[in-house]
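This is a predicted model, so every value here is computed, not measured. Lettering follows sequence order; numbering is per chain, from 1.
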Protein chains: 2
Amino acid sequence: MSSAFKAIAAEPRRRILNHLAGGPMTVSEIASHFEMATPSISKHLSVLKEAGLVHEQRRGQFIIYSIAADNLLNSLYGFLTPFCPHARKISAQRKRGTKPK
Amino acid sequence: MSSAFKAIAAEPRRRILNHLAGGPMTVSEIASHFEMATPSISKHLSVLKEAGLVHEQRRGQFIIYSIAADNLLNSLYGFLTPFCPHARKISAQRKRGTKPK
DNA sequence: CTTGCATTTAGACATTTTCCTATTTAGGAA
DNA sequence: TTCCTAAATAGGAAAATGTCTAAATGCAAG
């Protein structure tokens, strides 16, 4: 299992994630925003998928990718916890699945 | 300027940061916790420094490294903002340097 | 000024990553 | 089936990374 940290280390992958923040989309839709060959995008997506940072869903001919925000946030907040009280609180909330008023 | 994301992509560097969370320390102190040659530790520290994630301060013969928590948190929260309302709030606070009651 | 310790720099090497083009797989439609 | 499009895989070249040992630098104490 490859780490989320490695996955977000590459700038193109962070840009892909930012794009996906706007909602689920197909590989071609993503690729059209980059000056990179489609197979390269496909590879980046597979790295993100390995890291559990995106989900994929076949829809006929297309494959639709979407963000796995929970995994993204859990990985990073988990790491930030030792460095920040805010992260500590949020991380705990996320684990409990609760939210204080 | 090399990115904080690349800096935290390597596991040994994340471990170094976690160690430094316990307080400032010298290179040898850090190195003693790892099964890695000192020059390698030194290299990792210089990557962390380039990324603005640690500070160094010469103290006689020794060089003392400490965490630059602000930069660490700003970089990561900035990235998380589009994916999470909590991060959004905290990121804004951090930018203003204020804290709502 | 020489010696010794802490740290960095240099150089080499193996591994990994990133990108490309060409090919293959999978599905939909004629 | 045959043709077209979407996406993944294969294979390879170039660049970046991580680690080591050996050598250099910086500082302090005799």
Side-chain angles (χ1 to χ4, degrees), chain A residues 1-20 22-68 72 75 79, chain B residues 1-20 22-68 72 75 79:
Chain A
M1 99 199 134
S2 140
S3 95
F5 298 99
K6 277 191 167 185
I8 64 167
E11 209 240 13
R13 287 195 288 267
R14 290 196 301 280
R15 294 216 290 145
I16 288 174
L17 288 175
N18 275 308
H19 246 93
L20 283 177
M25 49 185 101
T26 67
V27 177
S28 337
E29 271 179 296
I30 297 166
S32 70
H33 289 85
F34 293 83
E35 298 178 358
M36 191 181 289
T38 310
S40 305
I41 298 288
S42 180
K43 190 67 162 62
H44 283 307
L45 284 167
S46 93
V47 171
L48 290 169
K49 190 177 66 177
E50 283 273 316
L53 265 31
V54 300
H55 293 124
E56 74 173 23
Q57 187 202 352
R58 179 131 227 157
R59 193 67 183 240
Q61 214 170 353
F62 302 86
I63 296 176
I64 294 162
Y65 280 87
S66 53
I67 276 215
L72 175 58
S75 305
F79 170 69
Chain B
M1 99 195 136
S2 142
S3 94
F5 299 99
K6 276 190 167 185
I8 64 167
E11 210 241 11
R13 286 196 287 267
R14 290 196 302 279
R15 293 218 289 144
I16 288 175
L17 288 175
N18 275 306
H19 247 92
L20 284 176
M25 49 185 101
T26 68
V27 178
S28 338
E29 272 179 295
I30 297 166
S32 71
H33 289 86
F34 293 83
E35 297 176 359
M36 192 181 288
T38 310
S40 304
I41 299 288
S42 179
K43 190 69 162 51
H44 283 308
L45 284 168
S46 93
V47 171
L48 290 169
K49 191 177 66 176
E50 283 272 317
L53 266 30
V54 300
H55 293 124
E56 75 174 21
Q57 186 202 352
R58 180 130 228 158
R59 193 67 183 238
Q61 217 172 348
F62 304 85
I63 295 175
I64 294 161
Y65 281 86
S66 53
I67 276 217
L72 174 58
S75 305
F79 170 69

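Rounded to whole angstrom, the span from the CD atom of A:Gln61 across to the P atom of C:dG27 amounts to 10 Å. Following rounding to the nearest Å, A:Glu11 (CD) and C:dT18 (C1') show an atom-to-atom distance of 13 Å. For the pair B:Phe62 CZ and D:dA29 P, the computed distance is 10 Å after rounding to whole Å. Rounded to whole Å, the distance from CZ on B:Arg58 to P on D:dG26 is 8 Å. Look at CD on B:Gln57: it is 16 Å from C1' on C:dA6, rounded to the nearest Å. We find that CZ of A:Phe34 is positioned 15 Å from C1' of C:dT18, with the value rounded to whole Å. Rounded to whole angstrom, the span from the CZ atom of A:Arg14 across to the P atom of C:dT18 amounts to 11 Å.
With hydrogens and angles ignored, the 3.5 Å screen pairs no side-chain donor or acceptor of B:Arg13 with any backbone N or O of B:Ile8. At least one donor-acceptor pair under 3.5 Å links the side chain of B:Arg58 to the backbone N or O of B:Gly60.
Side-chain contact between A:Ser3 and B:Glu11 is absent, with no heavy atoms from C-beta onward closer than 4.5 Å. For the pair A:Ile16/A:Val54, no side-chain contact is recorded, criterion being any heavy-atom separation below 4.5 Å from C-beta on.
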Nucleotide by nucleotide, nucleotides 8-19 of chain D touches protein heavy atoms under 4.0 Å in the pattern (B base, S sugar-phosphate only, - none) BB-------SSS
### Task
Start with the C-alpha gap between A:Leu20 and A:Leu48, add the side-chain angles, then the distance that decides, and say whether side-chain contact (heavy atoms from CB on, under 4.5 Å) holds.
CA-CA 12 Å; A:Leu20 283 177; A:Leu48 290 169; 5.6 Å; no
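Considering all non-hydrogen atoms of both residues, B:Ala68 and B:His55 come closest at CB-CE1, 3.4 Å.
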